[in-house]
J.: 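I am attaching a structure below and will ask some questions about it afterwards.
All values below were derived from every heavy atom in this structure, side-chain atoms included, with hydrogens, water molecules and symmetry-related copies excluded.
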Amino acid sequence: MMQCFHFMVEPAKNLTAKIKETHKKNKKEKQEPLDEDQLFIVDLAKDLNRVCQRSEVLEHIWNLDDTWSTLLCRFTILEWGNILEKKKLMQSDGWPEIDEVKDFDLYDEQHIQQAKAVILNWVKDVKAQPEQSVWPGEPVVKVLEDLKSAWRWGRVPCLVSAMELVMWTLVLQSPEKDNLPQQWLLWKQKTQKIGAIPYVPKPVWDWISDTSVDINLDLDTANPDLLITGDKRMRCGFERKDVPNYHQRFDGWWCAAGLEGFGSGRHYWEVEVGERDWRLGVAKESSLRKGFKSLNTNTGYLTLRLERGTELKALTVPYTALPPGLISRKVGVYLDYENGQLSFYDVDKRFHIYTYNEQFTERLFPLFGTVEILKDLVIRSPVVKSTNFLCPTPCLWA
């Protein structure tokens, strides 16, 4: 019986392969000629792949299976020209300290040519190295494999993250490669705080979710209008409860804080949010909780808020409007206290939404807010998955 099944499946596999090959061939035949910036990226991918071991994923770029838009190519050229220039000026082996990616003018030909010159100068050194002479490290290899798989299944719009990781491997040339994917994530979220990564690779995602914590709501902080069930579910009720008005209780905004605050370490939690209006983030221990004063960075809050189901904001001063495409129904919140980052992710699609970068000096309490009256906001405890290959230490898309 198994033999019969094998003979039935094998032709199907061959047929699928032929269909994919035909689609690929048709795509190349219909493809318009590449412009100068696209060709620059194609050549760069080929040079990187020649030197770096286990970087076969880049073949899809220089084989034209994955063709980037001109704007993405220009952004990548300007970004890496800037990175390599900073790296040269710093003369450091570490990651360049760039506060945030510049607001590049993608139509400034002079800057484009300058960035290309910087990259080509670096590529000379890359080309001088023997073929397949650089080992990227097992963590990077696993991330590249996941990015390749995700791209094939359509979860990743293009392979820019894979190319970026290979470039970092070659730029740093460090024997300590165990934490390179984590450092890449931290750096991306610091330099591009909105939508920095369209897909967090599974090994890195597991490294984040391994820090999952069990969050319970502190009933003494909950607005009297909130209905709370089991310390993890909340929505607005129709009657205001008669409860003691403690100094830590929210009596204006419909919010509640977590029972435990964090003054060190890495912590991750997930929340199923409503479709109309919600807030998530952290409140500093010293923050005021009375009345309807804005809950923003000036008053001790690092939060995201969805208003009217369509307006997503980071409550900085002034507020930062976020693209509608970043609105999520299940949000992951990740606090890295020592590295000064509070990050938000779409859990289902595993993309980055926003990161606050700040030097933390006091305890931070998880914050939750909702005006939903029918659907609960629910705190979830993610399943922890062990990751033995990632060290526990610490846009523009086509």
J.: Assess the residue pair Val42 and Leu64 against the criterion (side chain to side chain contact (heavy atoms under 4.5 Å, CB included)); give the C-alpha distance rounded to whole Å, side-chain angles, the decisive distance to 0.1 Å, and a yes or no.
T.: CA-CA 8 Å; Val42 167; Leu64 307 186; 3.8 Å; yes
J.: Is the closest side-chain heavy-atom distance between Lys87 and Val171 below 4.5 Å?
T.: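 Yes, side chains in contact.
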J.: Anything under 30° is parallel, anything over 60° is perpendicular, the rest tilted; go ahead and classify His60 against Trp151.
T.: tilted
J.: Give the minimum heavy-atom separation between Thr169 and Pro136, together with the two atoms involved.
T.: CG2-CA, 3.5 Å
J.: Tell me whether the centres of the aromatic rings in Phe75 and Phe104 are closer together than 6.0 Å.
T.: yes
J.: Above 12 or not: heavy atoms from other molecules or residues under 6.0 Å from CG of Leu288?
T.: no
J.: OG of Ser55 to NZ of Lys148: how many Å apart, nearest 0.5 Å?
T.: 10.5 Å
J.: Are the side chain of Thr229 and the backbone of Arg233 linked by a donor-acceptor contact shorter than 3.5 Å?
T.: no
J.: Near Glu109 CD, under 6.0 Å, is it more than 12 heavy atoms from other residues, nucleotides or ligands?
T.: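 More than 12 heavy atoms, drawn from other residues, nucleotides or ligands, come within 6.0 Å of this atom.
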J.: Does the distance from a Lys or Arg side-chain N to an Asp or Glu carboxylate O, for Lys284 and Glu358, drop under 4.0 Å?
T.: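 Yes, charged N to carboxylate O under 4.0 Å.
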J.: Would you say the side-chain atoms of Tyr268 pair up with the backbone N or O of Asp210, donor to acceptor, closer than 3.5 Å?
T.: no
J.: Taking the side chain as every heavy atom from C-beta outward, state whether Thr316 and Tyr354 have any pair of such atoms under 4.5 Å apart.
T.: yes
J.: For Arg152, does the CZ atom sit with more than 12 other heavy atoms under 6.0 Å from it, leaving out its own atoms?
T.: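 At most 12 heavy atoms, drawn from other residues, nucleotides or ligands, come within 6.0 Å of this atom.
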J.: When you look at Arg249 and Thr221, which way does the side chain to side chain contact (heavy atoms under 4.5 Å, CB included) test go after all the steps?
T.: CA-CA 4 Å; Arg249 187 182 300 282; Thr221 68; 5.6 Å; no
J.: Does the pair Glu145/Arg54 count as a salt bridge with the N-to-O cut at 4.0 Å?
T.: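 Result for this pair is yes, salt bridge flagged.
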J.: Identify whether NZ of Lys or CZ of Arg in Arg279 sits under 6.0 Å from the centre of the six-membered ring of Trp253 and within 45° of that ring's axis.
T.: yes
J.: Between Ser149 (side chain only) and Asp146 (backbone N and O only), is there a donor and an acceptor less than 3.5 Å apart?
T.: no
J.: Kindly give the heavy-atom pair with the smallest separation between Asn357 and Lys193, and that separation in Å.
T.: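 Heavy-atom minimum between the residues: ND2-CB, 4.4 Å.
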J.: Counting heavy atoms not belonging to Lys127, are there more than 12 under 6.0 Å from its NZ?
T.: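 No, NZ of Lys127 has 12 or fewer neighbouring heavy atoms, counting only those of other groups under 6.0 Å.
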J.: Between Tyr337 and Phe360, does the ring centre distance come in under 6.0 Å?
T.: yes
J.: Test of understanding: clusters of I, L, V, M, F, W, Y form through side-chain heavy atoms closer than 4.5 Å, transitively. Do Ile373 and Leu217 belong to the same one?
T.: no
J.: Do Tyr356 and Val273 sit in the same hydrophobic cluster, where Ile, Leu, Val, Met, Phe, Trp and Tyr count as joined when their side-chain heavy atoms come under 4.5 Å apart?
T.: yes
J.: Let me check something: do Val160 and Leu147 share a hydrophobic cluster, defined by ILVMFWY side-chain heavy atoms less than 4.5 Å apart, either directly or through other members?
T.: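 Looking at the clustering, Leu147 is in the same group as Val160.
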J.: Treating Ile, Leu, Val, Met, Phe, Trp and Tyr as nodes and any side-chain heavy-atom pair under 4.5 angstrom as an edge, say whether Leu295 and Leu312 lie in one connected cluster.
T.: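 Linked, Leu295 and Leu312 end up in one cluster.
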J.: Between CD1 of Ile119 and CD of Glu79, what distance do you get to the nearest 0.5 Å?
T.: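 Answer for the CD1-CD pair, Ile119 versus Glu79, is 9.5 Å.
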J.: Check whether Gln38 reaches the backbone of Thr67 with its side chain - one donor and one acceptor, N or O, closer than 3.5 Å.
T.: no
J.: Does the Asp108 side chain pair with the main chain of His111, one donor and one acceptor, at a distance under 3.5 Å?
T.: yes
J.: Asp277 pairs by salt bridge (charged side-chain N to carboxylate O under 4.0 Å, His left out) with which of Arg305, Arg308, Lys313?
T.: Arg305
J.: Return yes if some donor-acceptor pair links the side-chain N/O of Ser343 with the main-chain N/O of Thr355 below 3.5 Å, else return no.
T.: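 No, Ser343 side chain to Thr355 backbone: no donor-acceptor pair under 3.5 Å.
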J.: For a 4.5 angstrom cut-off between non-hydrogen side-chain atoms, does Pro181 reach Val140?
T.: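 Side chain of Pro181 against side chain of Val140, heavy atoms only: contact under 4.5 Å found.
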J.: Do the side chain of Gln129 and the main chain of Val134 share a donor and acceptor less than 3.5 angstrom apart?
T.: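 A pair under 3.5 Å: no.
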J.: Between Glu164 and Lys188, is there a salt bridge with N-O shorter than 4.0 Å?
T.: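 Yes.
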J.: Is the closest side-chain heavy-atom distance between Leu72 and Cys158 below 4.5 Å?
T.: yes
J.: Any donor and acceptor pair, going by atom type alone, linking the side chain of Gln341 with main-chain N or O of Gln189 inside 3.5 Å?
T.: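 The answer is no, because no donor-acceptor pair under 3.5 Å joins these two groups.
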J.: Tell me if the aromatic rings of Tyr345 and Trp205 count as close, with their centers under 6.0 Å from one another.
T.: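 When the ring centroids of Tyr345 and Trp205 are compared, they turn out to be within the sub-6.0 Å range.
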J.: When you check the side-chain N and O atoms of Tyr199 and Arg155, is any donor under 3.5 Å from an acceptor?
T.: no
J.: With the side chain counted from C-beta on, respond yes when Asn245 and Asp251 share a heavy-atom pair under 4.5 Å apart, and no when they do not.
T.: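 The answer is yes, as the side chains (C-beta and beyond) meet within the 4.5 Å cut-off.
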J.: Can a donor-acceptor pair be found, under 3.5 Å and without considering hydrogens, that links the side chain of Thr370 to the backbone of Glu372?
T.: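 Looks like yes, one N/O pair under 3.5 Å.
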J.: Give a yes-or-no answer on whether the side chains of Ser264 and Glu338 include a donor-acceptor pair shorter than 3.5 Å.
T.: no
J.: Do the charged groups of Asp214 and Lys232 touch, with an N to O distance under 4.0 Å?
T.: yes
J.: First locate atom CD of Glu138, then atom CG of Asp178, and finally report the distance between them rounded to the nearest 0.5 Å.
T.: 10.0 Å
J.: Does any part of the side chain of Ile61, heavy atoms only, come nearer than 4.5 Å to the side chain of Ile41, both counted from C-beta?
T.: yes
J.: Please round to the nearest 0.5 Å and tell me the distance separating atom CG of Asp348 and atom CD of Glu270.
T.: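 Separation between the atoms: 8.5 Å.
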J.: Just wondering, are more than 12 heavy atoms of other shown residues or ligands nearer than 6.0 Å to OH in Tyr107?
T.: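 Counting neighbours around OH of Tyr107, 12 or fewer heavy atoms of other residues, nucleotides or ligands fall under 6.0 Å, so no.
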J.: Do Gln183 and Lys177 have side-chain heavy atoms sitting under 4.5 Å apart?
T.: no
J.: If you count the non-hydrogen atoms of other residues, nucleotides and ligands that lie under 6.0 Å from NZ in Lys290, is the total more than 12?
T.: yes
J.: Using 4.0 Å as the upper bound for N to carboxylate O, is an ion pair formed by Asp336 and Arg266?
T.: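 Judged by the 4.0 Å cut-off on N to carboxylate O distance, Arg266 and Asp336 do not form a salt bridge.
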J.: With rounding to the nearest 0.5 angstrom, report the OG1 to OH distance, Thr211 to Tyr334.
T.: 5.5 Å
J.: Could you point out which residue of Asp346, Leu306, Leu322 forms a side-chain contact (heavy atoms from CB on, under 4.5 Å) with Ile327?
T.: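 So, applying the side-chain contact (heavy atoms from CB on, under 4.5 Å) to Ile327 and each of Asp346, Leu306, Leu322, only Leu306 qualifies.
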J.: In sequence, state the C-alpha distance, the side-chain angles, and the governing distance for Trp80 and Trp122, and then conclude on ring pair (Phe, Tyr, Trp, His ring centres under 6.0 Å).
T.: CA-CA 11 Å; Trp80 273 95; Trp122 172 73; 7.1 Å; no
J.: Quick check for you: to the nearest 0.5 Å, what is the distance between Leu34 atom CG and Trp68 atom CH2?
T.: 12.5 Å
J.: Could you see if Val271 belongs to whatever hydrophobic cluster contains Leu219? Use Ile, Leu, Val, Met, Phe, Trp, Tyr and a side-chain cutoff under 4.5 Å.
T.: yes
J.: Can you tell me if Asp37 and Thr70 form a side-chain donor-acceptor pair at under 3.5 Å?
T.: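 The criterion, which ignores hydrogens and geometry beyond distance, is not satisfied for Thr70 and Asp37.
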J.: Looking only at side chains, do Trp62 and Asp43 share a donor and an acceptor under 3.5 Å apart?
T.: no
J.: Show your reasoning for whether side chain to side chain contact (heavy atoms under 4.5 Å, CB included) applies to Val213 and Phe262.
T.: CA-CA 11 Å; Val213 287; Phe262 305 114; 4.1 Å; yes
J.: Would you please test Thr303 and Trp278 for side chain to side chain contact (heavy atoms under 4.5 Å, CB included) and show each step?
T.: CA-CA 10 Å; Thr303 61; Trp278 51 260; over 6 Å; no
J.: Please check this pair: side chain of Arg289 against backbone of Gln248, looking for a donor-acceptor N/O pair closer than 3.5 Å.
T.: yes
J.: Before we go on, tell me: are the rings of Trp95 and Trp184 under 6.0 Å apart, centre to centre?
T.: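 Trp95 vs Trp184: aromatic centres not under 6.0 Å.
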